[in-house]
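What follows is a single structure, written as structure tokens, with notes after it.
Remember, it's a predicted structure, so these values are computed and weren't measured experimentally. We count ligands from 1, going down the list as the structure has it; atoms in each ligand are counted the same way.
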Amino acid sequence: MSLPDPSFLLARAPVVPVVTVPSVAAGVKLARALVDGGLPLIEVTLRTAPALEAIAAIAAEVPDAIVGAGTVTRPELVEKSIAAGARFLVSPGCTEALLEAFAEAPVPVLPGCATASEAMRLHAMGFAVLKLFPAESVGGASLLKSLAGPLPDLRFCPTGGIGPDNVGTYLSLPNVLAVGGSWVCPNEAVNAGDWDRIVTLSKAAAMLPRPHFPG
Ligand SMILES: O=C(O)C(=O)C[C@H](O)[C@H](O)COP(=O)(O)O
């Protein structure tokens, strides 16, 4: 049986904002700003206490958002995230137990990898769209170019160290569907409630071209 395909989700926007929510209320306002700016996919990292509740609130109150869970590092978080309303799951890396849970998940998953071996193993399990993390630290666009030859069927959502200065290079690569990043929702803007700034940053990100995007 094939696994749910994340490509359809990633088709919706070139950038997946990686957000860390200080509160449920801020998470909802942040989601509204990102959607208003044209970025409907939102990865809420499970790094803060209100994250799961924020996912539920965004799912209920921001109908145009497609909210997912990030920092899914343990198998029990798969079920909890989906129960909260997450429509996709993202991990920075993988363990055996996490992969077993991902393989059963009814929503698209972007499992994290950092090397050719990890990518090959994930592909053998049926995952064809992977998060490359931490993208800039493990070789960035140069690594992705090198992987395209021997691993032509894999597609990536690189994340980690991507910002306005290098995002264009990533999005120009044929094996990159979209990128993840926190630069569109800086902590200082979230903490200051500067939603206008987040709308502005999102608009710029939403307009980035993806020259090789399929269809
Ligand atoms: O929390 C996770 O699951 C992660 O994998 C980490 C995030 O993807 C990065 O923190 C985003 O990277 P920056 O855009 O450089 O801030």
- Message: Check for me whether Gly161 has a heavy atom closer than 4.0 Å to any atom of ligand 1.
- Response: yes
- Message: Can you tell me if Trp183 contacts ligand 1 (heavy atom of the residue under 4.0 Å from the ligand)?
- Response: no
Looking only at protein heavy atoms, identify the closest one to [atom] and say how far it is in Å.
{"atom": "atom 14 (O) of ligand 1", "result": "Ser182 N, 2.9 Å"}
{"atom": "atom 10 (O) of ligand 1", "result": "Arg47 NH2, 3.0 Å"}
{"atom": "atom 12 (O) of ligand 1", "result": "Gly160 CA, 3.5 Å"}
{"atom": "atom 5 (O) of ligand 1", "result": "Lys131 NZ, 2.7 Å"}
{"atom": "atom 2 (C) of ligand 1", "result": "Thr71 OG1, 3.2 Å"}

- Query: Does Trp183 reach the side chain of Val167, with side-chain heavy atoms less than 4.5 Å apart?
  - Reply: yes
- Item | Non-hydrogen side-chain atoms of Val109 and Phe88 separated by less than 4.5 Å | no
- Task: Step through the shown structure and confirm whether more than 12 heavy atoms of other residues, nucleotides or ligands are within 6.0 Å of CD on Glu79.
- Result: no
- Message: How about CE on Met125, more than 12 heavy atoms from neighbouring residues, nucleotides or ligands closer than 6.0 Å, or not?
- Response: yes
- Scan Val72, Leu89, Leu98 and name whichever one has a side-chain contact (heavy atoms from CB on, under 4.5 Å) with Leu77. Val72
Which of the ligand 1 atoms, numbered from 1, are nearer than 4.0 Å to a heavy atom of [X]:
{"X": "Thr45", "value": "1 (O)"}
{"X": "Thr159", "value": "8 (O), 11 (C)"}
{"X": "Gly181", "value": "14 (O)"}

- Message: With a 4.5 Å cut-off on side-chain heavy-atom distances among I, L, V, M, F, W and Y, is there a chain of contacts connecting Val15 to Val176?
- Response: yes
- Query: What closest approach, in Å, do Pro17 and Leu41 show between heavy atoms, and which atom pair accounts for it?
  - Reply: CD-O, 2.8 Å
